[in-house]
Undergrad: 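Structure below; questions to follow.
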Amino acid sequence: MRRTHTCGSLRASDAGNKAVLMGWVNRRRDLGNLIFVDVRDRTGVTQVVFGKEMNPALHGRAGELRNEYVIAVVGSVKQRDPNTVNRNIPSGDVEVIAEELRILNEAKQPPFLPGETVLPNEELRLKYRYIDLRRDAMQFNIELRHKVALAIRDYLSAQGFFEIETPFMTRSTPEGARDYLVPSRVQPGSFYALPQSPQLFKQILMIAGFDRYFQIVRCFRDEDLRADRQPEFTQIDLEISYPQPERVYEIVEGLLTIAFQAGGFRINTPFPRMTYDEAIRLYGSDKPDMRLPVMVDVRGAFAHEQLAALGISPASPVLAIRIPNVGELSRKERDELKPLFNGRGNAKLFEDFKRLEKSFPVPAATIREQTGAQASDLLVLVTGESKVGEHKSEGGVKPEVKQHDQAVYTAAGLLRVSLAQRYADRHGLFQGGELRFLWVTDFPMFEYDEEGRRWAAAHHPFTSPHERDMDKLESDPGAVRALAYDIVLNGTELGSGSIRIHRQDIQQKIFHALGMSQEEARARFGFFLEALEYGTPPHGGIALGLDRMVMILASAESLREVIPFPKTARAVDLMVDAPTPVSESQLKELGISVRKS
RNA sequence: GGGGACGUAGUUCAGUUGGUUAGAACGCUGCCCUGUCACGGCAGAGGCCGCGGGUUCGAGUCCCGUCGUCCCCGCCA
């Protein structure tokens with residue numbers, strides 16, 4: 001028996017034809033001598049009719065059908081009477097009058113039904129993922145993901161990119177995230193690492209003359225999970241030779257245009273740009289959500305004595321956060337707000353603007369004016385607390401002072417976003433599918449690692465510094481800016497890239513600035529440093545998070561909604577129950593012994 | 001590593017100040033029903049209240065621990 005139609009395809013124009021449908025029993029409505037069965041596949045549902053009068057034996061067998069049985073139905077397509085048309089489904093103009101029924105497979109009573117309107121908890125959904133994936137919403141998301149990936153492949157291929165695979169079993173690199181390790185049987189005690197990204201391979205592909213490379217590729221990072229972070233995730237990784245940042249921006253803007261088109265969205269290019277320093281200053285974040293108003297530094301609104309009276313450090317910014325239409329907060333709401341505020345460093349919060357207004361009416365009026373706040377807007381201030389004897393240490397080392405201010409900016413930035421999320425229903429700025437893209441450029445080359453007491457690469461150590469900052473590599477690493485850029489959408493980092501170093505001598509300097517000796521650099525990246533010496537073209541690229549992109553297109557709150565088989569917050573796959581211990585013999589073969597603790 | 005929320009029938013949830021036999025809806029089973037489409041009606045089955053310990057005459061409810069899921073901080077070049 002051969003399927004002639006999918007369950008979502010029949011229309012009035014098919015009336016009078018024979019049809020063979022195959023699918024799941026989505027719902028059965030048994031009216032006694034008349035039974036309706038909705039047959040479902042990934043394309044939709046079609047109503048099948050079994051009448052006792054027409055065919056008693058068949059009607060009897062239809063009575064045996066249960067939810068999620070897999071069936072084949074032969075019948076004739078009939079236009080429904082006008083008063084029985086179902087406007088809620090695309091196939092609602094027709095129904096199939098059954099002539100033959102085959103039960104292809106029975107189903108145990110499932111723990112939950114795909115057609116149910118209330119969702120079971122996520123633990124159950126993940127354990128019985130194959131049932132969860134039958135739900136419309138999941139079918140839609142996975143199809144969306146396919147369409148987006150396909151559109152991207154077509155686009156990049158048309159732009160002259162080759163899709164080239166790189167190894168999954170590769171070399172551990174100590175920089176960056178923790179690696180997932182794969183033990184070698186042939187060389188006991190040695191390990192491959194799963195790639196955190198194909199970074200060095202794609203650079204070597206440029207050295208190898210492929211000019212333009214891309215790959216939709218799985219990456220692995222052994223770090224703690226979040227709603228938007230899975231231990232394995234998919235990147236759209238690309239690299240081009242002879243780049244300017246501008247070329248990368250154009251390619252990515254084109255790519256996102258067609259990807260979002262595949263998801264049913266129109267976007268406008270080119271995207272606005274902002275340096276990292278501006279982003280921190282104006283939004284307290286390196287991934288600003290542009291749907292919300294900018295923060296305003298209103299320290300000029302206060303006189304020196306007023307700052308002192310308020311306990312505000314005179315050198316600190318005073319950042320006004322405005323959230324439109326949230327209105328004044330009640331006493332209780334203000335109390336609930338405090339835990340949202342991460343008062344790291346010396347960051348200090350003024351959550352009661354009304355009260356401030358009473359004591360300091362003139363500055364408050366200035367603040368209202370500078371922020372453009374309406375009476376219905378929520379205003380809070382974040383600033384730096386002045387403490388006796390504060391940051392006198394280490395002779396005012398520059399990065400220390402900077403990081404001090406940075407704490408105020410980022411505390412404000414985090415609060416801005418949490419406030420907006422909490423009161424989303426009042427300001428309504430997160431509805432309506434607004435897409436605010438942004439390029440954030442000129443990231444710092446290095447970040448100071450407090451724990452390790454050393455400089456670390458902010459992006460990765462193969463990122464090219466700005467030409468103009470080369471001379472500061474030794475003297476003032478914190479001031480060196482990199483040719484690195486992030487693409488940000490609605491406060492989510494969609495992708496991150498850079499122009500790479502293509503000269504071996506500069507690469508050496510960077511390793512040196514990172515406190516890595518020549519021997520150490522050779523030991524870790526010798527193969528790469530050597531490759532750089534054999535005629536390396538200038539090159540650069542970016543990697544975009546496919547999962548995050550599809551998540552936004554699907555308006556999903558979690559990556560798990562767009563990944564067929566995701567892991568829980570403890571990095572467990574509940575369906576297959578991984579990870580698991582392995583047998584003693586397997587371990588022995590690998591030369592591994594597990595320490596019991 | 002730290003903070004928070006949750007865990008009661010197959011599922012989603014309710015369960016009062018600690019007090020008799022732990023409820024509802026959906027699902028499931030049986031019967032009735034010829035135009036339903038979240039069909040309807042009647043009847044019924046279904047519970048280790050996550051697990052372990054404690055307090056108490058008495059614990060779903062209070063306390064401690066533990067396991068699991070989710071969210072956040074740290075972490076994520």
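By convention in this document, chain letters (A, B, ...) are assigned in the order of the sequence lines, proteins followed by strands, and residues within each chain are numbered from 1.
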Undergrad: Minimum heavy-atom separation for A:Asp573 to A:Lys567, with atom names?
TA: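 Looking at all heavy atoms of both residues, the closest pair is N-CG, 4.2 Å.
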
Undergrad: Between B:G35, B:C28, B:G10, which nucleotide has the shortest distance from any of its atoms to the side chain of A:Gln109?
TA: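 Nearest to the side-chain atoms of A:Gln109, counting from C-beta on, is B:C28.
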
Undergrad: In whole Å, what is the span from the CD atom of A:Glu447 to the P atom of B:C75?
TA: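 Rounded to the whole Å, the gap is 10 Å.
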
Undergrad: Tell me the interatomic distance from A:Gln79, atom CD, to B:G35, atom C1', rounded to whole angstroms.
TA: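 The distance from CD of A:Gln79 to C1' of B:G35 comes to 16 Å, rounded to the nearest Å.
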
Undergrad: Please determine whether a side-chain nitrogen or oxygen atom of A:Asn83 lies at a distance below 4.0 Å from atom OP1 or OP2 of B:G35.
TA: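 Looking at the OP1 and OP2 atoms of B:G35, neither is under 4.0 Å from any side-chain N or O of A:Asn83.
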
Undergrad: Think A:Asn121 has a side-chain N or O under 4.0 angstrom from the OP1 or OP2 of B:G7?
TA: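 Checking A:Asn121 against B:G7: no side-chain N or O falls below 4.0 Å of OP1 or OP2.
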
Undergrad: When you check the gap from the basic side-chain N to the acidic O, do A:Arg125 and A:Glu561 get nearer than 4.0 Å?
TA: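 Counted as a salt bridge, because a side-chain N and a carboxylate O are separated by less than 4.0 Å.
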
Undergrad: Quick one: label A:Asp30 by what it contacts on the DNA or RNA (base, sugar-phosphate, nothing), any heavy atom closer than 4.0 Å.
TA: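 Touches a base.
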
Undergrad: Under 4.0 Å between any heavy atoms, over every strand shown, what does A:Leu119 touch: base, sugar-phosphate, or nothing? Just pick one.
TA: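 Touches sugar-phosphate only.
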
Undergrad: Measure distances between side-chain N and O atoms of A:Arg226 and base N and O atoms of B:G74, and say whether any donor-acceptor pair falls under 3.5 Å.
TA: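 Yes, the side chain and the base share a sub-3.5 Å donor-acceptor pair.
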
Undergrad: For B:C70, give the paired nucleotide (Watson-Crick: N1-N3 plus N6-O4 or O6-N4; G-U: N1-O2 and O6-N3; both under 3.5 Å), or none.
TA: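 Matched B:C70 with B:G4 under the 3.5 Å cut-off.
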
Undergrad: Taking only the side-chain heavy atoms of A:Leu34 (C-beta and beyond), determine which of B:G27, B:U69, B:U34 contains the nearest atom.
TA: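 Shortest atom-to-atom distance from the side chain points to B:U34.
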
Undergrad: Can you identify which nucleotide, out of B:C70, B:U34, B:G35, has its nearest atom closest to the A:Arg560 side chain?
TA: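 Nucleotide nearest to A:Arg560's side chain: B:C70.
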
Undergrad: Between the side-chain atoms of A:Glu95 and the base atoms of B:G35, is any donor-acceptor pair under 3.5 Å?
TA: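 For A:Glu95, whose side chain was compared with the base of B:G35, there is a donor-acceptor pair (under 3.5 Å).
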
Undergrad: With the criterion set at under 5.5 Å between ring centres and under 30 degrees between planes, would B:U36 be stacked on A:Phe36?
TA: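 Stacked: centres under 5.5 Å apart, planes under 30°.
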
Undergrad: Is there a donor N/O on one and an acceptor N/O on the other, under 3.5 Å, for the side chain of A:Gln47 and the base of B:U36?
TA: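 Counting by modelled atom types and ignoring angles, a donor-acceptor contact under 3.5 Å is found here.
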
Undergrad: Closer than 4.0 Å, any side-chain N/O of A:Arg27 to the OP1 or OP2 of B:C39?
TA: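 True: A:Arg27 side-chain N/O within range (under 4.0 Å) of B:C39 OP1/OP2.
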
Undergrad: Can you check the A:Glu68 CD to B:C28 C1' distance for me, whole Å?
TA: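 Rounded to the whole Å, the gap is 14 Å.
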
Undergrad: Determine the interplanar angle of the A:Phe462 and A:His460 rings, folded into 0 to 90°, and report it as parallel if under 30°, tilted if 30 to 60°, perpendicular if over 60°.
TA: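 Judged by the thresholds at 30° and 60°, the geometry between A:Phe462 and A:His460 is tilted.
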
Undergrad: Which nucleotide, in any strand shown, forms a Watson-Crick or G-U wobble pair with B:C33, with both distances under 3.5 Å?
TA: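 Paired with no nucleotide.
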
Undergrad: Distance check needed: B:G50 C1' versus A:Lys127 NZ, whole Å only.
TA: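 Answer to the nearest Å: 13 Å.
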
Undergrad: To the nearest angstrom, how far is A:Leu574 atom CG from B:G7 atom P?
TA: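 Distance, rounded to whole Å: 19 Å.
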
Undergrad: Any donor-acceptor pair under 3.5 Å joining the side chain of A:Arg80 to the base of B:U36?
TA: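 Flag set: donor-acceptor pair detected.
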
Undergrad: Would you indicate what A:Ile35 reaches in the nucleic acid, counting non-hydrogen atoms under 4.0 angstrom: base, sugar-phosphate, or nothing?
TA: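 Touches nothing.
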
Undergrad: So, OP1 or OP2 of B:U34: does either fall under 4.0 Å of a side-chain N or O from A:Asn33?
TA: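 Yes, because at least one side-chain N or O of A:Asn33 sits under 4.0 Å from OP1 or OP2 of B:U34.
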
Undergrad: Taking RNA chain B as the partner, which of residues 214-224 of chain A come within under 4.0 angstrom of it by heavy atom?
TA: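 Listed by number, they are A:Arg221, A:Glu223, A:Asp224.
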
Undergrad: If you only use heavy atoms from C-beta on, which nucleotide in B:C37, B:U69, B:C75 is closest to the side chain of A:Arg29?
TA: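 Output: B:C37.
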
Undergrad: Given B:U36, B:C76, B:C28, which nucleotide is nearest the side-chain atoms of A:Thr84?
TA: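 For A:Thr84, the side-chain atoms sit closest to B:U36.
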
Undergrad: Which nucleotide sits closest to the side chain of A:Pro111: B:U69, B:A38, B:G10?
TA: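 Nucleotide nearest to A:Pro111's side chain: B:G10.
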
Undergrad: Roughly, in whole Å, what's the span from CZ in A:Arg87 to P in B:U36?
TA: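 Spelled out: CZ on A:Arg87 to P on B:U36 is 14 Å.
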
Undergrad: How about A:Asp442 and A:His466: does a side-chain donor come under 3.5 Å of a side-chain acceptor?
TA: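 Yes, because at least one side-chain N or O of A:Asp442 sits under 3.5 Å from a partner of the opposite role on A:His466.
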
Undergrad: Just to be sure I understand the rule, does A:Ala569 reach a base, reach only the sugar-phosphate, or reach nothing, if contact means heavy atoms closer than 4.0 Å?
TA: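 Sugar-phosphate contact only.
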
Undergrad: Taking any heavy-atom pair under 4.0 Å as a contact, classify A:Glu116: base, sugar-phosphate, or nothing.
TA: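 Since only primed, P, OP1 and OP2 atoms lie under 4.0 Å of A:Glu116, the category is sugar-phosphate.
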
Undergrad: Starting the side chain at C-beta, find the nucleotide from B:U34, B:C70, B:G74 nearest to A:Arg229.
TA: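 Nearest to the side chain of A:Arg229 among the choices is B:G74.
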
Undergrad: Nearest to the side chain of A:Thr568, which nucleotide is it out of B:C70, B:C28, B:U12?
TA: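 Closest nucleotide among those given: B:C70.
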
Undergrad: May I have the distance from A:Arg28 (atom CZ) to B:A38 (atom P), rounded to whole angstrom?
TA: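 So the CZ-P distance, A:Arg28 to B:A38, works out to 16 Å.
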
Undergrad: In whole angstroms, how far is the P atom of B:C71 from the CZ atom of A:Arg570?
TA: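 Those two atoms, CZ and P, are 14 Å apart.
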
Undergrad: With heavy atoms under 4.0 Å as the rule, sort A:Glu123 into base, sugar-phosphate or nothing.
TA: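 Sugar-phosphate only.
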
Undergrad: So if I take every side-chain heavy atom of A:Leu31 and compare against B:A38, B:U34, B:C37, which nucleotide ends up nearest?
TA: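 The answer is B:U34, which lies nearest to the side chain.
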
Undergrad: Just checking A:Thr463: base, sugar-phosphate only, or nothing, at a heavy-atom cut-off of under 4.0 Å?
TA: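 No contact.
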
Undergrad: Please determine if A:Arg291 and A:Asp289 form a salt bridge, counting it only when a charged side-chain N lies under 4.0 Å from a carboxylate O.
TA: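 Yes.
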
Undergrad: Looking for any heavy atom pair under 4.0 Å, which part of the strands does A:Lys78 touch: base, sugar-phosphate only, or nothing?
TA: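 The answer is base, as A:Lys78 lies within the cut-off (heavy atoms under 4.0 Å) of a base atom.
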
